[in-house]
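Here, residue 1 is the first one in the sequence, and each next residue gets the next number.
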Amino acid sequence: MSTSTNEASNLAEAGLREKRLPRKMREVQNKAPAPQQITAEQILREAHEMQFEKQAAPPRQQISDPEELRMYKLRKRKNFENTLRRNRMSIGVWLRYATWEESQKEFERSRSIFERLLDIDYQSASVWLKYAEMEMRNKFIHRARNVWDRAVQLLPRVDQLWFKYALMEENLSNFEGARRIFERWMKWNPGHKAWMSYIALEQRSVGSKADKLHRCRLIYDRYIAQHATETAFVQYAEWEYRQSGSVEFTRRIYETGMREMEHDGDEALSVTFYESFAKFEIACKEYDRARTIYQYALDHVARHRVHALFEEYMLFEKRYGSRARIDDVITRKKRLQYEEALARTPCDYDMWFDYIKLEEQNVLHAMARDDNADADGGDVRKDEGRWNVIRELYERAVSHEPPIDTDKRYWRRYIYLWIKYAMFEELQCKHMARARAVFSQCLQRIPHTHFTFGKLWIMAAEFELRRHDISAMRRIFGASIGKCPKQNVFNAYIGIEYQLGEFDRCRRIYEKYLELFPTRSKAWSDYASLEDKLQEYERAAAIYELGVQQTVLDEPQTLWSNYIEFEVRHRHYTRVRELFQRLLSKTKHVRVWINYAQFEAQINEPILARNIFKSADTHFKQQCQQSQDMVDIEQRAILLESWLQFESFWGNETQQNEIKSKQPIQIKKRRPIETADGSHAGYEEYYHYQFPDDEKQKDSFQTLLQKAKAWKMGQNDGVNEETVQQPAS
């Protein structure tokens, strides 16, 4: 005692001394790794091994006389009673106490302990089980019956008590007593296992097979009356076919089950019921009946539960069906997949396209089979019914409008769906009134205040044209131009009227076109081209003149080019020169100069062409000297190249040499690249042009060549600037 006290005081003093030490001294100074490392895995393994170390068993006690046995029993009972006095609700202690008394053959004491425990907690099923099993082990049958009777009266909803009670009577070959127990139990309307146990008891009982089947059928009838579930009907039917082999009686059970479950709706029957029914018909070699059951199930079972049924149906058709029926099963499966996907995303128009294509192919194959089977042709009513299936699918698809009516991107696939619908009615069904109605409904659905689809207007008008209804076609084009004019609609309208020979209408349409789109250069050119084809030179020239006088044009170079070509075709060279001069007053682009000179060369006026080249060279030379802009420099290089080609055909040797001497020299250079934030990002190469006739540039160029030559003589590891003396290309 004193030793432990001293150790405690020493530890306390050591703790106080440690607390009094400074913080830096209390910390571990040597943080180097220990020579022997211990891992976490090793610690866990040692702890696990220590749990299974063998402990020394207590010595066995030998009792040699009755007095010692009495004292032993007294001591054990005292320990149990003391434990129960401290923890009265511990059921485990009560059960160990009763089991110990049983082992000492003190049955009355054991019963007394069980009764005391039942006074505390009679709702514990394990207590009743232990109590009854104690009586059964010691062959107190009547006492065990009394315990079971008390247990099932107090706890009638505990199935285990009823099972054990009936099992005891069955083991005693008291089938009447077991039957009475089950009858008492059935009054409480138990679950599926209880009824199956009752039926199994009747099958194991004594008697003829007919009597057993009769009693089992009566129990099954009562079971179905109380539990009208598909499991009950399936169990009954499978049991009936397995035990008696009666096809009619088994089929009647399945049919009764279907009728009973129809009151709860189609969702009440699952895939399991139909699979069992179909397998029964297959076993009876009634393949048509089985196929009908499968098809009925696929039409009535919920979509999310038929995948396994499809697999069973596919295997059935592969074994007993034809190729056409296998294709029908595949089509049904794909149809189910499409329906599930469209239920989640009804605006997935690509999915609708695939679904409709599937149905159309299915209908075409069915019609081909009917035509092969019937030499006189298929039934018109049947074909119409098949087309109605596809038509209903189209109606379902177009009923889902895009969620956003202000963005054209979301409507494109939707409009293509309408177009395909109209083509289906016109080409497949040959129903022109329906096709016209489809076009009309589609045009009404489009929010024309935000956007429109010119292709749809054109297709609707062309449909009326195929029906030889010109007035309806013109009304559609007129409505399109009035509501939401588009350039492709104007072009299509003009093209149709031109083919019909209605040139006055074409003029009126072009006038409306140019009134709405005055900046459209192609419209001016097409209008003038129409008048030119009609040999109306004055009208065409006036249209071109009005076009080039517009202040804003989307492609002015195209209109000017067409205007000049128009005058060239009519050999009005004076007007062509005037047009080039007017164009040069608007723009000094190098292509204008080159085209002007080439025009003069084409009409055998090389002197005028050469003068144009000289004027252009003078202009670009001045521009280069003033701004040093790379665009002007490149344009001058292009001009000199075209001038050289001209002189190679029209000029003499002196003129050619003169132009060759003016050709620029192409120099490859490098310049630094800077990013948006001003940082350096490397170098890039570019080409620069040096013109020999420029004295200022010529001097600097000669100086540059001399310096480059001197640098190259002194260095051997590369250059930063490379000079290539060659004409620009």
Side-chain angles (χ1 to χ4, degrees), residues 407-409 411-412 415 443 446-462 465 473-570 572 575-576 578-580 582-589 591-592 595:
D407 196 341
K408 189 176 181 178
R409 293 176 299 172
W411 282 71
R412 284 195 177 98
I415 295 302
L443 292 173
I446 300 174
H448 299 291
T449 56
H450 299 289
F451 55 83
T452 189
F453 292 89
K455 184 175 183 179
L456 185 63
W457 290 100
I458 294 170
M459 293 188 70
E462 289 176 347
L465 181 62
M473 178 203 70
R474 288 172 178 159
R475 285 196 298 270
I476 292 174
F477 275 124
S480 174
I481 294 172
K483 289 183 178 180
C484 42
K486 293 197 70 177
Q487 297 176 12
N488 59 341
V489 175
F490 277 108
N491 293 330
Y493 194 7
I494 292 168
I496 293 174
E497 293 292 352
Y498 181 80
Q499 292 177 358
L500 294 174
E502 296 289 342
F503 304 120
D504 291 335
R505 286 184 179 275
C506 291
R507 291 190 178 101
R508 289 197 295 270
I509 298 169
Y510 267 121
E511 290 172 1
K512 185 66 175 178
Y513 188 5
L514 294 173
E515 179 184 350
L516 295 172
F517 301 99
T519 61
R520 182 70 172 170
S521 299
K522 190 175 184 303
W524 292 100
S525 298
D526 292 343
Y527 191 8
S529 178
L530 171 66
E531 297 295 349
D532 189 18
K533 291 177 182 178
L534 299 177
Q535 299 181 359
E536 294 287 347
Y537 169 77
E538 296 297 335
R539 294 176 66 91
I543 292 169
Y544 274 123
E545 193 64 32
L546 287 174
V548 298
Q549 290 177 4
Q550 298 295 319
T551 56
V552 179
L553 290 172
D554 55 353
E555 296 179 355
Q557 68 277 6
T558 304
L559 183 59
W560 280 96
S561 178
N562 293 334
Y563 192 6
I564 292 170
E565 290 177 0
F566 165 75
E567 294 294 351
V568 170
R569 285 197 305 271
H570 289 83
H572 297 163
R575 296 199 60 177
V576 173
E578 291 176 358
L579 289 175
F580 271 117
R582 290 170 58 188
L583 183 57
L584 287 173
S585 65
K586 291 178 177 293
T587 177
K588 300 291 185 180
H589 197 273
R591 289 299 174 189
V592 179
N595 292 336

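Minimum heavy-atom separation, Ile509 to Ile494: CG2-CG1, 3.4 Å. In this structure, Ala540 and Ala528 approach most closely via the heavy-atom pair CB-O, 3.6 Å. The nearest pair of heavy atoms linking Gly454 to Lys486 is N-CD, 3.8 Å. For the residue pair Ile496 and Phe477, the shortest heavy atom distance occurs at CD1-CE1, 3.8 Å.
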Just do the side chain to side chain contact (heavy atoms under 4.5 Å, CB included) check on Gln550 and Trp524 with the steps written out, would you? CA-CA 10 Å; Gln550 298 295 319; Trp524 292 100; 3.7 Å; yes
Side chain to side chain contact (heavy atoms under 4.5 Å, CB included) evaluation trace for Glu502 with Cys506: CA-CA 6 Å; Glu502 296 289 342; Cys506 291; 5.5 Å; no
Evaluate the criterion side chain to side chain contact (heavy atoms under 4.5 Å, CB included) for residue pair Arg520 and Tyr513; output intermediate values, then yes/no. CA-CA 9 Å; Arg520 182 70 172 170; Tyr513 188 5; 3.9 Å; yes
Test log, rule side chain to side chain contact (heavy atoms under 4.5 Å, CB included), inputs Trp560 and Val592: CA-CA 10 Å; Trp560 280 96; Val592 179; over 6 Å; no
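Side-chain atoms of Trp411 never come within 3.5 Å of backbone atoms of Thr452 as a donor-acceptor pair (strictly under, hydrogens ignored). Remark: side-chain polar atoms of His448 are paired, donor with acceptor, to backbone N or O of Leu443 under 3.5 angstrom. Looking only at distances, no side-chain donor or acceptor of Glu531 sits under 3.5 Å from a matching main-chain atom of Tyr527. His589 places a side-chain N or O within donor-acceptor distance of the main-chain N or O of Arg591, the cut-off being under 3.5 Å.
Side chains of Arg508 and Asp504 form a contact here, defined as non-hydrogen atoms less than 4.5 Å apart. Counting heavy atoms from C-beta on, the side chains of Ile543 and Tyr510 never come closer than 4.5 Å. Put simply, the side chain of Tyr493 does not reach to within 4.5 Å of the side chain of Ser480, judged on heavy atoms. At least one side-chain heavy atom of Phe580 sits less than 4.5 Å from a side-chain heavy atom of Val576. A 4.5 Å side-chain heavy-atom check between Arg569 and Phe566 finds at least one atom pair inside the cut-off.
Counting heavy-atom neighbours within 6.0 Å of Lys522 NZ, excluding the residue itself, gives a total of 12 or less. Residue-environment remark: CZ (Arg409) stays at or below the threshold of 12 foreign heavy atoms within 6.0 Å. Atom CD of Gln535 has 12 or fewer heavy atoms from other residues, nucleotides or ligands within 6.0 Å.
Taken from CD1 in Ile564 to CD in Glu578, the straight-line distance is 12.0 Å, to the nearest 0.5 Å. Phe517 contributes atom CZ, which lies 10.5 Å from atom NZ of Lys512 (distance to the nearest 0.5 angstrom). Between the OG atom in Ser525 and the CG atom in Asp532 there is a gap of 11.5 Å [rounded to 0.5 Å]. Considering CD of Glu497 and CG of Leu500, their distance stands at 5.5 Å, rounded to 0.5 Å. Atoms CD1 and CZ, from Ile415 and Phe451 in turn, are 7.5 Å apart once rounded to the nearest 0.5 Å. Going from atom CG of Leu534 over to atom CZ of Arg507 covers 5.5 Å, rounded to the nearest 0.5 Å.
Figure legend: Lys408 and Phe453 shown as a cation-pi pair, the cationic atom lying under 6.0 angstrom from the six-membered ring centre and within 45 degrees of its axis.
Ion pairing between a basic and an acidic side chain is recognised when a charged N comes within 4.0 Å of a carboxylate O; Glu545 and Arg582 show such pairing.
For the side-chain hydrogen bond (donor to acceptor under 3.5 Å, both in side chains) criterion with Ser521, the lone passing option out of Asn562, Asp554, Thr558 is Asp554.
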